[in-house]
Amino acid sequence: MAAGTKSGSSKQCWPSDHIIASTYDHVCVLVNYQRLHHSQDNIHKLFKHETNETNSSRVLADTSANITNNTLTQSVNTRANRQHKRAMRPVSAYEPNDHKNKELMNDIINSCKLKNGFGPSVSATNTSPTKRPLSPDHPNPALPITESPSPAMNRMGWALRTLLVADNSSCLKDRKVSGKLIRKCAPGTEFVDWLVNLSPIVHTRAQAAGMWQALLEEGILSHVNKEQPFKDKCFLYRFRVDEDGTAGTPSTEDINAANEQIRESLSALFQRGPDATLRMILRKPSHERTTEELELVFEELLHIAALSHLSTSIKRELSSIIVFESHAQAGTILFSQGDEGRSWYIILKGSVDVVIHGKGTVATLKSGDDFGKLALINDAPRAATIVLKENNCHLLRVDKEHFNRILRDVEANTLRLQEHGKDVLVLERVAKQRGQHSAFKYTVMSGTPAKMLEHLLETRLGNQVGGVDPFLDDFLLTHIFILNLLCTFHCDVSDGSQTPEEREYIMNFKKRVIQFMQKWVMAVRHAAFDEPSVCDFIEDLAAEVEADPELHEETSIIHNILTQMSRYQDDRNQNTGQKWKLPPNGQPICLFSGNMTPSKTVIRPDDDIIFRVYCADHTYCTLRFPLHTTAEIIKACAADKLQLNRGPEDLCLVEIKSNGERSVFKDNDVSIPTGLSLNGRLFVSTKDHLDALTPLPEQEGATEAPEVDVEIFSTKELAYYITIFDWDLFWAVHEYELLYHTFGRHHFGKITANLDVFLRRFNELQYWIVTEIVVTPSISKRVALLRKFIKLAAYCKEYQNLNAFFAVVMGLSNMAVSRLQQTWDKIPSKFRKLYQEFEALIDPSRNHRAYRVFVGKLQPPLIPFMPLLLKDMTFAHEGNKTSLDGLVNFEKMHMMAQTMRTLRFCRSRSLGLEPPSPKSEGDVRPYISCLRVIDNQRVLTAMSQKIEPTRKL
């Protein structure tokens, strides 16, 4: 019995190859069903009519296969290609032996023409114009998705065509195609060339192709034979008005109007392009979708609420088979009550009514809702009729075959291990993916912490392990908040037994534990030795290994671990008593010795830091505490020194930012001084007087910094030393700090000081750019600064310091800088174009897709855009529950570990930049480590208005 079918009440049988792997055959993508309907009816009638004719059946089979590929029309249009077509078909398809076959051939040709938009239209007969065919639509991304273009798209198409025709060097020309003259058509490549050259907002050919596809799916543009969506290739396309013959030569007034409208039109079309490209991909057959296209679809599926409960592996399978379809007319019946269930639908745009016989409309489903699943799961008829409520409804569709294979049997692809009647481990089959191989048939989805560790030791450690499987690494990176490893290890290792079987089990277990400790140290480095209990466990394990001759092969492994632990402890002892200070005037955190550029100096939990705490009247006290000190202790000590005679329960510790915003710390929060904003100050106050707290007067001004003119430094030298300084800060950030930051460091009592300092550096660079420009009154000097900072961004990108690159470009795009139109107008065009390219790279649309594609091609070492990594961590945390039915949601752990691995990858090679020719190294290093910054946006905007007032109309 075929996979995904039932036979009576017999138990379903699922072949293992259908469960393990996914096939991508028989995908149906939308064509406009109202245009296709009549040609399908004709073909069905012809098939029925010729059932008993052997020769005719052969002709029909051969011809039908070629209708799908749209080759038959070309063979009829020109006899010159007849010999070429014979090589593709049986001779009988072109040279029928009787009159009956000849008539049959003509009918099929006519229906094929109708399908592809050629020939006269045929009026509907014997069928309702709003009744949708029962069978899924066939794919044709070359056809429009609307019956008629929207007025806005019509105007866009008119403006573009007008300018194309007015251009003497235009690509629109009359061309002969298969002996037929096609008026005003052009290849896709020339359309793309023209659009890229027309406007600076179009940065890539892919963007231009997406904009033309947006016109094609509205029917304003089309392939000359209606066979292709828009492609940046030599396929010919033309405007609908040229095809209809309704277009005339544009007048001077038309050209002027088009020129006035084109900027607005291109901007709107630019926004529509990515969605049009996605819809085109979703209408392509599965086997035609490229790996990059599948990844684009997968990213979109991540944000669809109806799929949120599905695993990422299921979503990846869906990305290759899910289909887009649209319906132009409200009132169209998608399917009727009692029909056989053929598909599951998700509404992207529009709404539908759910109608039941005898009850009328019982519900209205809107964008984001799904329907049609019940009939597929139960193999039952449709329980209701679905009627489109709006024009131009957009749907996603999963057909029954794929639903049965991928979705209906998720449980069949899932193993649930139980103990005492309760689930303790849930495993899911690994779906085969292109270019990847896994040695494991199942991956962990959820489980109890102890059972996951047991499964890991039994299946992921040993000589037999190979292939791609991140489970072990995921566990090592994320176990810190789900399991105390040592409790489990001590329990199992110390379990003595005299039977040979149990002795062998314990010996193998010890070997796996040693391998686990080796992998752990490799994955998390010094963090494995931070806890004294871990160090004690390693020493005990080393003593057992040395005392047991059967563990002789593991001796070198444990000695290697001991050596690394000893080096870490020696380094830590050398830096014991390390002191830091938070300067009072907004400068960055630095060592108390005054060294502003520590070389890879890690801030540790027991390091002391000196800082000020203010009260409402702006008096302050200076405190010195270890970084792991809680906010509760700090506020109590500060209140005592400032003589605030209130109990701890009435006090709170709060940051006052330069713009007056307040941020209250939790009592169990740690690493308080490092978490302050650029010009923030720490206050202690009673809870009922929080509203009375105001910023210090100096907070609105610039932070203290060396009085040096940035113009004296070469731009490349600045970029080089900024990258060296940033690399040291980035190197000090441990992967665990991302977890502490995401879940809340107060939950762990762990500091995130190194991450705090690195994030502060991003804001410092960003506001430094803005500050330097708005404090410069001379327009000529501002122009020079803009050019310098654009070059600085280019060098940071060249050095792969993408964190600084983002900071510089975002500083240039700050409202206080972007509004300086007189200054920007004097920037040379090549710098403006370069800046526009940078803006496109930091474009946040589609989840920063442009940046992700760019950074995915880079090799380490590189400094990534840290705020985006934290956004990914937050998205994984807030969008997925940590616990599912009492089990740890390990898929969430995997998503977070993926981001944490990015840090490891970026630092997998040491930074080895070639320094520029030294000019002023002694001055530039202290300058870039302590920059002049104003972070109050209101103050910055006022200064911008002062140097370049807004022009009155």
Side-chain angles (χ1 to χ4, degrees), residues 583 585-588 590 594-599 678 702-730 758 760-814 816-817 820 823-824 826-828 830-831 834-835 838 863 911-935 940 943 947:
N585 296 315
Q587 302 98 319
C590 61
N595 180 15
M596 302 294 290
T597 56
S599 177
L678 285 177
T703 58
E704 285 189 5
E707 292 291 335
V708 181
D709 186 357
V710 68
E711 287 288 353
I712 70 172
F713 306 122
S714 77
T715 309
K716 190 170 185 178
E717 194 175 19
L718 274 174
Y720 172 78
Y721 286 109
I722 285 174
T723 301
I724 295 296
F725 186 85
D726 291 358
W727 176 262
D728 288 345
L729 298 181
F730 176 56
F758 186 62
R760 186 190 190 281
R761 176 64 174 176
F762 174 85
N763 294 325
E764 184 183 17
L765 285 172
Q766 179 182 351
Y767 283 104
W768 165 63
I769 297 293
V770 185
T771 304
E772 288 296 326
I773 292 174
V774 299
V775 300
T776 305
S778 169
I779 189 171
S780 60
K781 288 187 177 181
R782 288 202 303 275
V783 170
L785 277 177
L786 280 180
R787 293 177 58 179
K788 189 177 192 70
F789 289 146
I790 292 172
K791 287 172 63 178
L792 178 64
Y795 281 124
C796 287
K797 181 183 172 202
E798 179 183 332
Y799 287 143
Q800 298 191 165
N801 184 356
L802 301 181
N803 198 63
F805 168 78
F806 264 76
V808 173
V809 178
M810 289 177 70
L812 291 171
S813 62
N814 185 283
V817 178
L820 300 173
T823 307
W824 283 100
K826 294 182 179 295
I827 297 293
K830 70 174 184 178
F831 282 93
L834 188 60
Y835 174 65
F838 293 163
I863 305 176
L911 186 69
L913 300 179
E914 183 177 348
S917 54
K919 291 184 179 179
S920 51
E921 178 180 352
D923 295 327
V924 70
R925 291 178 68 91
Y927 175 78
I928 59 97
S929 64
C930 183
L931 301 168
R932 176 174 58 172
V933 170
I934 300 172
D935 70 336
L940 292 170
M943 296 175 70
I947 61 174

Quick one: does Thr723's side chain get under 4.5 Å of Leu911's, heavy atoms only?
-> yes

Point-to-point distance, once rounded to the nearest 0.5 Å, from OH of Tyr720 to CD of Glu798 | 13.5 Å

Report, one line per pair, each donor and acceptor closer than 3.5 Å where one atom sits in a side chain of residues 806-814; sequence neighbours left out.
unit_1 : atom_1 : unit_2 : atom_2 : d
Ser813 : OG     : Val809 : O      : 3.2
Ser813 : OG     : Met810 : O      : 3.0
Asn814 : OD1    : Ala816 : N      : 2.9
Asn814 : OD1    : Gln937 : NE2    : 3.0
Asn814 : ND2    : Gln937 : OE1    : 2.9

In short, Thr703 meets Gly586 closest at the heavy-atom pair CG2-O, 3.5 Å

Under 6.0 Å between ring centres, would you say that holds for Phe838 and Phe805?
-> yes

Student check: side-chain heavy atoms of Phe831 and Leu786 closer than 4.5 Å = no

Which atom of Glu704 lies closest to which atom of Cys930, heavy atoms considered = O-SG, 3.4 Å

Nearest heavy-atom contact between Cys796 and Ala804 is SG-CB, 3.9 Å

Do Leu765 and Asp726 come within less than 4.5 Å of each other through their side chains, counting heavy atoms only?
-> yes

4.5 Å side-chain heavy-atom contact, Ile722 and Leu792 | yes

Euclidean distance, Gln587 CD relative to Leu678 CG, rounded to 0.5 Å = 12.0 Å

Pairs in or reaching into residues 785-794: which pass side-chain hydrogen bond (donor to acceptor under 3.5 Å, both in side chains), with residues at least two apart or in two chains?
-> Thr715-Lys788

Taken to the nearest 0.5 Å, the spacing of Asn803 CG from Phe730 CZ works out to 8.5 Å

How far does CD1 of Ile928 sit from OH of Tyr721, to the nearest 0.5 angstrom?
-> 9.5 Å

Under a 4.5 Å cut-off applied to non-hydrogen side-chain atoms, are Phe758 and Ile863 in contact?
-> yes

After noting the C-alpha distance and the side-chain angles of Val710 and Leu718, does the key distance pass the side chain to side chain contact (heavy atoms under 4.5 Å, CB included) rule?
-> CA-CA 9 Å; Val710 68; Leu718 274 174; 3.7 Å; yes

Does a side-chain heavy-atom distance below 4.5 Å link Arg761 with Pro588?
-> no

So do Asn763 and Asp935 actually touch side chain to side chain, heavy atoms under 4.5 Å?
-> no

Atom OH of Tyr835 and atom CH2 of Trp824: how far apart are they, to the nearest 0.5 Å?
-> 4.5 Å

Any donor-acceptor N/O pair, Arg932 side chain to Pro706 backbone, under 3.5 Å | no

Do you know which two heavy atoms are closest between Val783 and Lys826, and how far apart they sit?
-> CG2-CB, 3.7 Å

Contacts satisfying ring pair (Phe, Tyr, Trp, His ring centres under 6.0 Å) that involve residues 774-798 (not counting sequence neighbours) are Trp768-Phe789

Does any N or O in the side chain of Thr776 come within less than 3.5 Å of the main-chain N or O of Arg782, such that one atom is a donor and the other an acceptor?
-> no

Taking the side chain from Glu764 and the backbone from Leu931, do they hold a donor-acceptor pair closer than 3.5 Å?
-> yes

Roughly how far apart are Ile773 CD1 and Lys781 NZ, rounded to 0.5 Å?
-> 14.5 Å

